[in-house]
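Below you'll find the structure, written out as structure tokens, and then a few comments.
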Amino acid sequence: MEILSDVPMPEECASRILEYSGREVAPQGGQNLWQKILQHKWVLSEKLGRDVGTHVSCLDFMENIEFRDHTSQESEKIQFLKKRGAMRIDRDIWETISETQPPKKIVNKRIILPFTEPELALKHGVVPPRALIFFGPPGTGKTHFVRAIAGVLQWWFVEVSPSDLMAEGQDRIGANLKKVMEKIGEMDNVILFIDEFEEIAGNRDDASRIDKSITNELLKQIPILKKQNKRNLLVCATNYIGQLDAALLRPGRFDCIIPAGGLDTEGRKTIFEHYLSNTNKGEVDVDKIVSMISLFTPADVEYLFQKVRQITFEMEFERKGNSLVTTETFLEMIPKVSPTLTLEIIEEFEMDCVKYTRY
Ligand SMILES: Nc1ncnc2c1ncn2[C@@H]1O[C@H](COP(=O)(O)OP(=O)(O)O)[C@@H](O)[C@H]1O
Ligand SMILES: [Mg+2]
């Protein structure tokens, strides 16, 4: 293997590969590749019984070996993602969120732009976040926001629920988490989403021995993920931010802790109109109805629409005439949906916002 010790400097390797094969490679990877090319030259020469030369070896290696490895890595990645139920999300989901709905602006500036404008981010020393937490009362749109981010970036969306991690028994949670995080951490263009995060990352003081090991695993895995220079995100969501282990919430672990909730009238109206546009509707006084549902979360609005649509569907089935959802239909159904938000929940959420928000 004498020839393998004669390897030029990284930049030199990269420029030779470019010259011989027309393919551009990063200088760091170039040296490693050059070694493989020299090895390939030796194998090829042995096979053909003559010295094939560096130029031909490089060309053959880049065309037939390196490219084939690359595609098989890509298909292995896709296989892993599909096995985990990974999805592609429509870009349009972002448009169902009004500009004023928190945390749309924060998400756009702090999460999406650093990935879509990498040169500008680099110029200003802005490091894209890699690990995030969304918190807020149930149904406020935490999952919706994470899906919207995957849609805008056109990344894979992989959801791992605490029950998936527990499928092979309580004592395998930490190991499963490690496996998934290590694998996804190496991939580009993926969001790993863990919902109901408090279930696996609860406070270590009042958790069992197993729970402690999971939180410890996360404390280990998050810095590893962040050290890799990849385009991926770990996003965790919780309804109970106060229940998370304090060590996880300290700066240095999660880059952003973002509240989802606090819908204003415009935000509620955008969601309302989004659902209304897919409803068999007649005259609807949107402003009046929206003013009556100030304690509704987006999930409650969705449920209200499920109810009004069911009514007109059944009416039309019985009477056969065209049945329309109108202001009256909403007035009838609103009292039958109990809103998730109460003044106490809002107050508690506002206190959590002050205490935990960071981005
Ligand atoms: N602009 C919006 N913001 C948040 N949720 C929305 C919006 N428009 C529609 N929705 C719907 O409202 C529901 C919100 O629930 P979800 O995101 O699951 O809440 P959480 O994860 O906070 O419990 C989802 O069904 C989502 O599709
Ligand atoms: Mg959710």
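We're numbering straight along the sequence, starting at 1. Just follow the structure's listing: the first ligand is 1, and inside any ligand the first atom is 1.
- Atom 5 (N) of ligand 1 has its closest protein heavy atom at Pro298 CB, 3.2 Å.
- Residue nearest to atom 4 (C) of ligand 1, selected from His144, Lys142, Glu95: His144 (by heavy-atom distance).
- Residue contact check for ligand 1: Gly136 places no non-hydrogen atom closer than 4.0 Å to it.
- Near Gln101, the atoms of ligand 1 lying under 4.0 angstrom from a non-hydrogen atom of the residue are 1 (N), 2 (C), 3 (N), 4 (C).
- Residue Glu302 approaches ligand 1 through these ligand atoms, each under 4.0 Å from one of its heavy atoms: 13 (C), 24 (C), 25 (O).
- Atom 14 (C) of ligand 1 has Gly139 O, 3.6 Å as its closest protein atom, hydrogens excluded (heavy atom only).
- Atom CE of Met87 has more than 12 heavy atoms from other residues, nucleotides or ligands within 6.0 Å.
- Nearest to atom 11 (C) of ligand 1 among the protein's heavy atoms is Tyr275 OH, 3.2 Å.
- With Phe115 as the aromatic partner, Arg231 does not meet the cation-pi criteria of under 6.0 angstrom to the ring centre and within 45 degrees of the ring axis.
- Considering backbone and side-chain atoms alike, Asp195 places every N or O at 3.5 Å or more from each N or O of ligand 1.
- When only non-hydrogen protein atoms are considered, atom 19 (O) of ligand 1 lies nearest to Gly141 N, 3.1 Å.
- Figure legend: Lys82 and Trp156 shown without cation-pi pairing, the cationic atom not lying both under 6.0 angstrom from the six-membered ring centre and within 45 degrees of its axis.
- Atom numbering of ligand 1 starts at 1 in the shown order; those under 4.0 Å from a heavy atom of Thr143 are 17 (O), 18 (O), 21 (O).
- A salt bridge is absent between Arg84 and Glu159: the closest approach of a Lys/Arg side-chain nitrogen to an acidic carboxylate oxygen does not fall below 4.0 angstrom.
- Phe197 and Tyr240 have their aromatic ring centers separated by at least 6.0 angstrom.
- Between Lys104 and Glu99, at least one side-chain N (NZ, or NE/NH1/NH2) sits under 4.0 Å from a carboxylate O, which counts as a salt bridge.
- The cationic atom of Lys142 (NZ for Lys, CZ for Arg) does not lie both less than 6.0 Å from the six-membered ring centre of Phe135 and within 45° of the ring axis.
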